[in-house]
Number of protein chains: 2
Amino acid sequence: MVAKLKDVAELAGISVTTVSRVINNYGSLSEKTIKKVHAAMRELNYQPNALARAMQGKPSKFIGLIFPNLINPFFAELVNELERQLFTKGYKTIIASSAENPEIEHDYLSMLMANQVDGIISGSHNLDIKEYHQVTAPIVSFDRYLADNIPIVSADSYQGGQLATQYLIEHQVRRIAVMVDEDQSVSPTVNRLQGVVDYLGQHHRSFDPLDVHHVDLATVFPGIYDGVIASNDVQALRIVNIYHRAGLRLNQDYFLTGYNGSTLIRQTNPELPTVIQPIAELSTKLIATLMTRIKRPQDTVPSVVVPVHFYTPQN
Amino acid sequence: MVAKLKDVAELAGISVTTVSRVINNYGSLSEKTIKKVHAAMRELNYQPNALARAMQGKPSKFIGLIFPNLINPFFAELVNELERQLFTKGYKTIIASSAENPEIEHDYLSMLMANQVDGIISGSHNLDIKEYHQVTAPIVSFDRYLADNIPIVSADSYQGGQLATQYLIEHQVRRIAVMVDEDQSVSPTVNRLQGVVDYLGQHHRSFDPLDVHHVDLATVFPGIYDGVIASNDVQALRIVNIYHRAGLRLNQDYFLTGYNGSTLIRQTNPELPTVIQPIAELSTKLIATLMTRIKRPQDTVPSVVVPVHFYTPQN
DNA sequence: ACATCGCGGTCTTCAGAGTAA
DNA sequence: ATTACTCTGAAGACCGCGATG
C-alpha cells in the first residue's frame, strides 16, 4: 500500500492537520515539527496524491499538448522543448498526438478536459473549429486560427515565404515550382504563399504551384524545374533524392528550399537550405501566452508572431 | 462552472445514482431514462471527471512513458506508436522526457506515481537502478536492465551488430572503425558490440574501437577508414557529411552503417544502410508485456527480444 | 429514488497549551 | 493575573464520483 497523509502523521506522532500545514507551507509551525514531518515523509517515501489535490479545485499542474504527430522532427523538437520548459515551471505534460484524425483529436480534447488540465497548447491542423468553443480551459494555438478568443503564436510565415523566394532568385533559377497545400486554408501557410507571390511579383517572375495532395513528386521532378520551394524539410529531402537519382546536384544544378529547420535535419542534412522557425522562442512565447491566459482567463491576450530566419549551407 | 453529475441528474429530472448507472452501463434501466440522460449530458456538454473516478481506486487509464528525449527520431517514432496503440486500448499517455538528466527523471518518476498511473514504460538510459525498486506500479523497460523483477523488451542487438558487420565485410572494406559508447555498460549496446566482435573474429578481421565521448568525429574521419559502424543513424549521417566534404562517396569510396532505422531517416536519407529495429513490433510487445504485468502484478513476466533486420539501399 | 459513505487529500473552525510581556 | 501570541490538534465539510443498502 502506498503511504497516505495519515500514515505520515502517525509515524511523526502528530496530527494530519499539521502535516498538511507543513506540506502546503502555511500557518505557523515550529522548526522541530517541520523536520519531523520531512523525516517521516522520506521514510515512507510519501507522495501526496495529485489526483486528490486536483479535486479541491487546485490546479492539476497538467498542460495538455495536442499535435498532429511526433514523427515530424519539427513537432518532436517543439514538443520536447515545451515539455522541458513546462517542467521547470512545475507543470507536467500530457501529449496527445491526433495522428491527423479529427475523431481521435476530439477524444483527446475530451480526455484533457476530463483530466482537468490547467491549459492546452494545440498545434493541431485538422479539428473542426467549433469543438474548441466549448472548451473551458485556457488554450493557446500554435500557428493556426481556432477561434476568436484563442491567441495564436506563430512563426512569421510571410517572411518565411519571402526569404525562401529570395534565396532562389539570388541563385538565378529559371523555372520555379512551389509546393502548396490547398487544404490549409485557415492556417498561416497561406501567408507563406503570399510571401512567395509578393516577392516574385516584385521581381516580375512567375511560378508553378503544385498541390501536395494531387501531385506525384517522382513524376514532376526534376522535370523542367531548377528551383523548388518545398513545404517542409522532409518533403524537400524527398525531392532532393529524386534529383539525386537523376544525377543532379543540390545547390549546383538546381536550388531548393525546405521549411521548418529542425536541429535534427540540420545535423543530418546540412546541405539543405531552409527556413528556420525558432523552436526555443516559439516555446517560450507559447508558454508565456498560456500562463497569462491561466492567470487572467477573462482577459484577451494578443497573438504573437515570431520572426524566422534563413539557413544557408556554408560552402 | 463545468457540469457535474448532479447537474445532469437535475436537468434530466432523475437521481445521480441512475445517471451514474447509465454512464457506467450497469443495473437495469429503461430506454426512456437512458435517452433522457444522454440528452442532458449532451446539453450540458458533460464529461465525467476522470480524477474523481481514479480516486475510487479505479484504474486511471494513464500510462507513463519515460524516454530520454523525443529528438532522436527513433524515440519519437516509438513513442508515437506506443501512444497510438495505447489510445486504442483506452489508455492515455503521459510523456516524460528526462533529457538524460537523472534528477529530472527522478522527479518524473515521483510525479507518475503521484498521479496514479496504471503502468510505466521506461526507455530511460541513465537512472540509478535503485529508484525503480520503490516503484509500485507495473513497469516494463525498453532495451535496458533496471531491476530483477522488471521485464525488458528489446531489439536483438547482438544480431544487429552481426548484420552491420556482415554488410561491411561483404563490401570488402579494409579498415573498420566501430563507434562504441563505454558508458552504456548495463545496456544491450554491449551485445551489439559483441555481435561485431564475434563476426569479425570469425572472419579473422580486426577493428578500431572509437569511444563516442572521447573522439572528435571531424578529426578521425575519413582518416584511414573505409568502413564505419556508427552507433546510431544521426551520428552516421554526421560522419557521412564529413566524408562528403572530403569528396568521398558513400557506398562507393567507403561503407558505413547506421543503427535504429526510423522511418524518417529512411525517407530523408535513403542511401544510408542501417539496422532497423521494428518499431511497431517493439511497441506491441512492450504494451502486451505491460498489460500482463497490470493484470497479474505478482507474476514474473519473461523478457522479450525482437529480431532486427538490415536495410540496404536499393540501386 | 434516495441517502450515505468512502477515496485522499485541503481547508476552515474552534479550542487548548505553552510562552512571553 | 491579564493579555497576546505562537504552535498544535480534533472534527468536519468538501471536491465529484461510485457503490451499497
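Each chain gets a letter, A, B and so on, in the order its sequence line appears, and its residues count up from 1. Quick caveat: nothing in here was measured; it's all calculated off a predicted structure.
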**Message:** With a 4.0 Å cutoff (strictly under), does any side-chain N or O of A:N24 reach OP1 or OP2 of C:dT10?
**Reply:** yes
**End-to-end axis angle, where each axis spans five pairs of the helix from C:dC2-D:dG21 to C:dA21-D:dT2, to 10°** = 50°
**Message:** Considering every strand and a 4.0 Å limit on heavy-atom distances, what is the contact class for B:I23: base, sugar-phosphate, or nothing?
**Reply:** nothing
**Message:** Nearest heavy atom decides the nucleotide; on that basis, is A:L51 or B:T18 closer to the 5' end of DNA chain C?
**Reply:** B:T18
**Asked** Roughly how many Å is it from CG in B:L5 to C1' in D:dA19, rounded to a whole number?
**Response** 13 Å
**Fill in**
The answer to which of A:V16 and B:G13 contacts DNA chain C further toward the 5' end, by nearest nucleotide, is B:G13
**Prompt:** Using a cut-off of less than 4.0 Å, is there contact between a side-chain N or O of A:S20 and OP1 or OP2 of C:dG9?
**Reply:** no
**Message:** Classify A:S30 by what it touches in the nucleic acid, base, sugar-phosphate, or nothing, heavy-atom distance under 4.0 Å.
**Reply:** sugar-phosphate
**Message:** Is a donor from one side chain sitting under 3.5 angstrom from an acceptor on the other, for B:S97 and B:N69?
**Reply:** no
**Request:** Could you encode protein contacts along nucleotides 14-21 of chain C as a string, one character per nucleotide from 5' to 3', using B for base contact, S for sugar-phosphate-only contact and - for no contact, with a heavy-atom cut-off of under 4.0 Å?
**Result:** --------
**Prompt:** Can you check whether B:T17 has a side-chain N or O nearer than 4.0 Å to OP1 or OP2 of D:dA19?
**Reply:** no
**Asked** Do the non-hydrogen side-chain atoms of B:F74 and B:N232 ever get within less than 4.5 Å of each other?
**Response** no
**Complete:** In short, salt bridge (Lys or Arg N to Asp or Glu O under 4.0 Å) pairs touching residues 280-297 of chain A with sequence neighbours left out are A:R296-A:D299
**Message:** The criterion is ring pair (Phe, Tyr, Trp, His ring centres under 6.0 Å); which residues satisfy it with A:F75, sequence neighbours excluded?
**Reply:** A:F67
Please output the side-chain donor-acceptor pairs of residues 5-14 of chain A that fall under 3.5 Å, not counting sequence neighbours, one pair per line with the distance.
residue	atom	partner	partner atom	Å
A:D7	OD2	A:K4	N	2.8

**Message:** With a 4.0 Å limit, can you tell me whether B:Y46 has a side-chain N or O closer than that to the phosphate oxygens OP1/OP2 of D:dC17?
**Reply:** yes
**Request:** Tell me which residues in residues 53-61 of chain A put a heavy atom below 4.0 Å from DNA chain C, sorted by number, or none.
**Result:** A:R53, A:Q56, A:K58
